[in-house]
Structure formats: structure tokens, C-alpha cells
Amino acid sequence: MTTAMSQVLRAWTDAGWLRELDVAFADFIAPTGTGQDPLVHLAAALLSHQAGRGQVRLDLAAALADPTWALDLPPEGWRERVSAGDDSPAPPQPTEVLTGVTLPAWLAALQTHPAVVDMNGQDNGDGSTPLVLADGCLLLRRHWRCEQTIQQALAERLQEPPREIGCTPAGPRAEDDDALREALDVLFPAMPPDQGAQDSSGPDWQKIACALAARHAFAIITGGPGTGKTTTVVKLLAVLQHLALQRPAARPLRIRLAAPTGKAAARLAESVATARSKLALDALPGGPALLAHLPREVGTLHRLLGVKPGSRHFRHHAQHKLPLDVLVIDEASMVDLEMMAAVLEALPRHARLVLLGDKDQLASVEAGAVLGTLCRRADGGHYTPTTHAWVHQVTGQDMGDTMTDPEGQPADQAIVKLRRSHRFGANSGIGRLAQAVNTGQAALARQVLAQALPDLALVALDARGRALSALAVESPSGWRDTFAVLRQQRPSAGADQGAYDAWAQQVLRAAGRFQVLCAVRGGPQGVEAVNRRIALALAAEGLIPGAEGWFLGRPVMVTRNDYTLGLMNGDVGVTLHGPATASSELSLRVAFPDGRGGIRWVPPSRLRDVETVFAMTVHKSQGSEFDHVALVLPGHMGAVVTRELLYTAITRARVRFTLVAPEGRMDVLQQAVQRTAPRATGAGASADVPGLPVA
């Protein structure tokens, strides 16, 4: 049976259902020809496959109940290959392979294997086996240990109020309620109802979020686009600094802002600058001076922790803590399990942690869905009567009986969902479509698209993709407009470095107004084919010399962290002519935002891991926003096309959203709305750690 299982895995690999890495890992755990149980061989391959899909755990019962789930079938490009006449023999279906397998038999095979340890809540995590069996799920040991780190660190922060930092407290204690109330009333003055916004009635959730985050050493502020997460956290930081500086022998809090990618960090820096400029601090004692103590710069998490080149380790860790008092992480849905564990290990015990993000977005490309797991109860609030009464006392806001739960857990009290969108009004097509998709209402989503609303469009994609090419080139803020900015704003001969930096900023802003997104990488509607199609259309218009190589105006994305150049996975730049130097004439350089309002110029010869991004995947678009987004749906449903992917794509658009679907295949939209991404993360799954949600 071991040989038979090896043949099954090879057939799945040949069909593209598994990666070579998955089979190699299974061979490492349970080598063929050694008489080891084939069920262990199969479990190891499926676990590796799930990890490659961002899943931390292989739920054995779920795999037996729905074997196609365990392989995420159908995989990307499978139907296209079959449609193209691929006559390779059909691989065995996972249902056939698992027929007759019972959960007790599978568990027993794993429990007795030397590469697996069955935790049962008893192991302290110091063992060396590569695999862990916990709560009926198989995990890589490193992922299990990350879960334990996160559980313990968050539980400690939830069970204790913020500590004092020397003579300066991290935040308000019970006797500080009056000062907190005063600060909140100044920063959140009563406003007339916003008739144009979604959910304009009800309490001021921003004010509530600020109060609850000030009360806890760990907090999450979640919400959709335009709900004011950045505005809220800037006001929160002002409150914390105000309270800290009012104490005797006070010193300002050391605050750091971070995001998972350079792109997300740059956008957060812009949002923070806007929010800072709107702060009204005059009514607070010493208020105007607070601005000097509010952070301006935003860095990536990798830079914050200090990557050690050539390793998976950081300079800051459990024995060398970060020198800060407050850490704010934006776009926290993109933070994977291992990075979150690394942050919590490096965070001083006294320091606050505040996470910002949209819980309904796609999770990290890497393994783990930490924010989504922690926020799974956020829609219902689950605030205890004690929390409810305290919030009313310090904010004057009533959260409502529907948000009150006498059985609410400690984590619930530190998580707030912002519910009012200031970007999308009640009549916004983008807002209505995002809401329909997010709530799984496929019929309503199609109805909204059919209403010809001014900020929505539906484009049928012909076989040659001409409609998509025309959209990318000719639409307002499309690539023709970007190339016009590139040519018309180009500095004159002899211009200095500042002029070239300003030009690069203008081109980057123009290029960031429109973006084509793809659900998949392969196939005729995948990012690779669409990128080439757009490049050929631009070449036909004379805007670029050809679809290959380096050329003026080529947009590129970094696909792997390069610590030598200071570029991170996801950073986007545009190829331009750099300024002449004493030793060289004008030559092509790639201009990247440096995260501090400036430009980093890099020769193309030094960029090894980049790809053209006339189009990018939805995953790669996380942390970005564009005036106009065009989402290209594939011709066939695939495992990666989910409700979360659609919602993420739609909410990247600020002004206009266009759905591009192959002719006659709107059923893909309906199926995607009804399919959710099964991201299993056990951060908080232990019953021994009270208050953390169960994945």
C-alpha cells in the first residue's frame, strides 16, 4: 500500500494537484520502501499542500468529510488544461483514496509514528519531532509553537491592565477615567449624522474603539475601507501621549508604526499625515505640543525587527526586546502566523500592541490567518455589561443591547469593529457590491452590478481580450494617461536630483490610479497572460517599444525581500530615466517609494526578483488602494476564487470598480460569493487560555 500511495501522490503531482515540495516532504517524513504507514505519508503530503495554500492545520475529520477540500480542488489551471485537450490520464480522486479510512485509524497511525507527537494539551513544546497532532489536526511543529507563543502573549496582555513605564503609565488606570473622558470629548466632538454614509445611525464606534484600546494592553480595531481605522488610531495615540505627559516626571511614550509591506507602510504614512493635520488639540492642556510626540514615519515589520541577512532570524527577539512603549501594526490581516509570533516575542512586556485591519480581507499569503481568527466574534460585539457600562461612562455612547453578552470573553472586550463607512455612501455601488459579496448574497451582487451605477461597470471579456486591453489603455487614469504624465513632466536636461525625484513621485501617483487585478496567475485570464496582453496593446499604440525586457515606463513589483537594497516583497516601482552623473549619461533606473516621502533609485541590473505589474494578483494588491480597479475573473471556478478574494479586490477601489468576466461565465461570480476561504489558525484555540477565540 505504501508503493500505491507513492504512485497516487506522483499522479496528483503530475496533474498539478500537489507540488513537488509536498511529495518530497512526505518522503522525508515517511520514506517509501521502509514499511511505514501510508496514511502518514498521505497526511504529510496534504499538510505540506495546505501550508502552501496558507493553511496552518490539516483537519483530519474535515479531510475525510470532504476530500476535495484537502486538495483545494479544482486547482488553478486544471480545467484550462483539460479544455485545451490535455489527454493525460486522470489521477485518482481523493474520495477514492480515502474510501474506507476512518478517523480513529488515521489518528492511530500518526500517534505511533516517530515524526509525530500527540500534544493533548500536555507537551511543553520542547520536543524535536517535525509534526504535532493537536485537537484532531496535524501541524508543523514550528507553526504549533507560534500558536502557543501568540496565545500566551495575548492572554497575558488581556488579563492585566497596561503597566506603568517608570513614572509614566502606558495608559489610563481607573482614576484616569475623568482625564480619558475629557480627551475623548475633545477629539471626538458630537457631529451631526452623516446622511451619505453607510450605517450613519448608531453610536460613534471610533470613539468607542479609542476608549477600549486605551483600556487594554492589546487591542484590535477592525473595519472595512473608509471606516476610519487610521483616523481612530492617530487620535488614540494622541490620547495616550496626553495622559502620559500629564503625570509627574512624565516622559513621552516611544511609539512605532509598522505594516507588513513597504507598499502598505507608504500608504499608512500618507494616511497618518492626513489624520495628524486634522487633529484639533487646542482644547487639551498642552494639546498643541502633542503633535511633536506623535509618530510620522512608518516602517515594515521586517525593518522593525531587524532582519539578519541570510537567515530567518531577527535582531530583536525574546532576549533583545524592541525599545518601544506602543506598537501599531496596520494591514494586520496580511501578518502571517510566524511574523506575529516574532513580533510578540520581541515586544516588551509593558508595551501596548494595537492591530488595525479589515478582518474580511484575504489573509496572508503565508500560513496563518491571525487577524481573522481573533476577530471572528467582532460582528456581534459580545461586550459584557461591565464593559458596556464603562464605555457609556467615559464616552457617552450606548453600544446597544445587541452588542451586550454576559458571557463575553476577555478578548471580545479589546476588539472593536468600525461600522460606518465614510468613503462609500448609502448609494455607492462599490459599497453595496462589497456588502453583498461579504455577506454571501450572490443574487444581490449580480443585481447591483446590473443597475448601471456610476461607480460600477461590467465588461464581457472576448476570447482575444480586446475589451480588457482597451480598458487598461484608454480608461480615465489608465496607462495612456500615465505615459502622458511620464513624458510631459520629464525634467529638462541638467535638472537636479530633486526634480527627478518629484517627476518619479508624479509618475508613481499616476500609475497608482488604475490597476488590473487577476484572481489567478495561470490560464488565459491569469496575471501572466493579462500582463502580456496589456503590454502588447501598449506596444501597438507606440507607448512602449515591446512587451519584453526593460523599457521606459515599465511597472515592476518586487517578489522577494532584498535586504541589501532595502526592498521588500510587494514593493512597486516604475522604470524611468535617472539623472545624469559625472560618469554616466541618462540611464534607466527603477524608482521606488522609500517609505519616508522620498524616492529610492535602483539600476535594473540589481533587481533579480521582479515582475511586470500592468496586472497583479489580488493577493499582491493587499495594502494598496487605487482610484479605479478592474478585476478579471477566470473562466472556471478554482480553489483560490473565494468570497474573501472578491471582497478584497472590490475594496481596493476608491472611485470606480469594473468586473471583467469571460462571456457567459457570470456563474463564476456566483460560486465565488458562496465559497469562503478555509483558513484554519489555532492562535487562541486552547481552552486553557481564556478569552481567545477558537479558530
Side-chain angles (χ1 to χ4, degrees), residues 196 198 224-226 421 423-439 441-482 510-520 524-527 529-531 533-534 537-538 541 613-618 621 624-635 637 641 643-673:
Q198 293 180 345
S421 175
R423 179 183 305 167
F424 303 131
N427 297 319
S428 162
I430 296 175
R432 291 167 59 188
L433 180 62
Q435 178 72 7
V437 167
N438 200 29
T439 54
Q441 301 181 73
L444 178 58
R446 296 188 65 167
Q447 178 184 341
V448 172
L449 280 167
Q451 291 178 1
L453 295 166
D455 57 346
L456 289 179
L458 179 61
V459 173
L461 185 63
D462 57 284
R464 297 180 61 183
R466 288 170 294 192
L468 175 59
S469 298
L471 178 70
V473 176
E474 303 295 348
S475 65
S477 73
W479 281 101
R480 186 181 295 279
D481 286 355
T482 298
R513 288 197 285 265
F514 172 79
Q515 185 63 55
V516 175
L517 302 181
C518 298
V520 297
Q525 292 84 39
V527 70
V530 170
N531 257 315
R533 191 176 298 149
I534 295 173
L538 291 169
E541 293 291 325
V613 284
F614 291 120
M616 68 176 69
T617 61
V618 177
S621 74
S624 299
E625 290 179 350
F626 312 93
D627 288 348
H628 184 185
V629 166
L631 171 65
V632 183
L633 287 180
M637 187 62 185
V641 187
R643 179 186 306 172
E644 291 84 357
L645 181 138
L646 291 178
Y647 173 80
T648 301
I650 295 165
T651 54
R652 299 310 90 205
R654 285 187 292 251
V655 179
R656 185 172 178 81
F657 175 78
T658 299
L659 183 68
V660 182
E663 291 179 322
R665 293 315 311 264
M666 284 298 289
D667 59 308
V668 174
L669 171 68
Q670 181 163 337
Q671 294 175 56
V673 172

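Hydrogens, waters and symmetry mates are skipped; everything else that's a heavy atom, side chains included, is used. All figures in this text were calculated on a predicted structure; none of them were measured in a lab.
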Would you name the heavy atoms of A537 and S469 that are closest together and state the gap between them? CB-CB, 3.7 Å
Rounded to the nearest 0.5 Å, what separation is found between the CG atom of L517 and the CG atom of L646? 11.5 Å
Validation row: L468, V459 side chains within 4.5 angstrom (heavy atoms): no
Closest non-hydrogen contact found for A615 with C518 is CB-SG, 4.2 Å
Under 3.5 Å donor-acceptor, T651 side chain and T648 backbone: yes
Taking NZ, NE, NH1 and NH2 as the nitrogens, is one of them in R654 or E625 under 4.0 Å from a carboxylate oxygen of the other? yes
When rounded to the nearest 0.5 Å, the distance separating OG of S624 from CZ of R652 is 7.5 Å
Taking side chain as C-beta onward, heavy atoms only, is L456 less than 4.5 Å from V448? yes
Can you check side-chain contact (heavy atoms from CB on, under 4.5 Å) on T617 and V520, steps first, answer last? CA-CA 6 Å; T617 61; V520 297; over 6 Å; no
Measure from the ring center of W479 to the ring center of F614 and say whether it is less than 6.0 Å. yes
Taking the side chain as everything from C-beta on, heavy atoms only, tell me whether R432 gets closer than 4.5 Å to L453. yes
Look only at the side chain of R533 and the backbone of P524, and say whether a donor-acceptor pair between them is shorter than 3.5 Å. yes
Roughly how far, to the nearest 0.5 Å, is CD of E474 from CG of D481? 8.5 Å
Please report the interatomic distance CD(Q451) to CG(L433), rounded to the nearest 0.5 Å. 10.5 Å
Please name the pair of heavy atoms, one in A672 and one in V641, separated by the smallest distance, quoted to 0.1 Å. CB-CG1, 3.6 Å
Return yes if some donor-acceptor pair links the side-chain N/O of D455 with the main-chain N/O of V655 below 3.5 Å, else return no. no
Please find the pair of heavy atoms, one from I650 and one from V437, that lie closest to each other, and give the distance. CD1-CG2, 3.8 Å
Could you give me the CA-CA distance, side-chain angles and deciding distance for R480 and E541, then say whether side-chain contact (heavy atoms from CB on, under 4.5 Å) is met? CA-CA 9 Å; R480 186 181 295 279; E541 293 291 325; 2.7 Å; yes
Rounded to the nearest 0.5 Å, how far does OG1 of T658 lie from CG of L631? 10.0 Å
Does the side chain of R656 come within less than 4.5 Å of D627's, by heavy atoms? no
Partner residues of R446 under the salt bridge (charged side-chain N to carboxylate O under 4.0 Å, His left out) criterion, sequence neighbours left out: none
Please step through side-chain contact (heavy atoms from CB on, under 4.5 Å) for the pair H628 and R513, ending with a clear verdict. CA-CA 6 Å; H628 184 185; R513 288 197 285 265; over 6 Å; no
State, to 0.1 Å, how close Y647 and A434 come at their nearest heavy-atom pair, and which atoms those are. CD1-O, 3.7 Å
Minimum heavy-atom distance F626-S621, with the two atoms named: CE1-CB, 4.4 Å
Q525 vs L633, test: side-chain contact (heavy atoms from CB on, under 4.5 Å). Steps then yes/no. CA-CA 7 Å; Q525 292 84 39; L633 287 180; over 6 Å; no
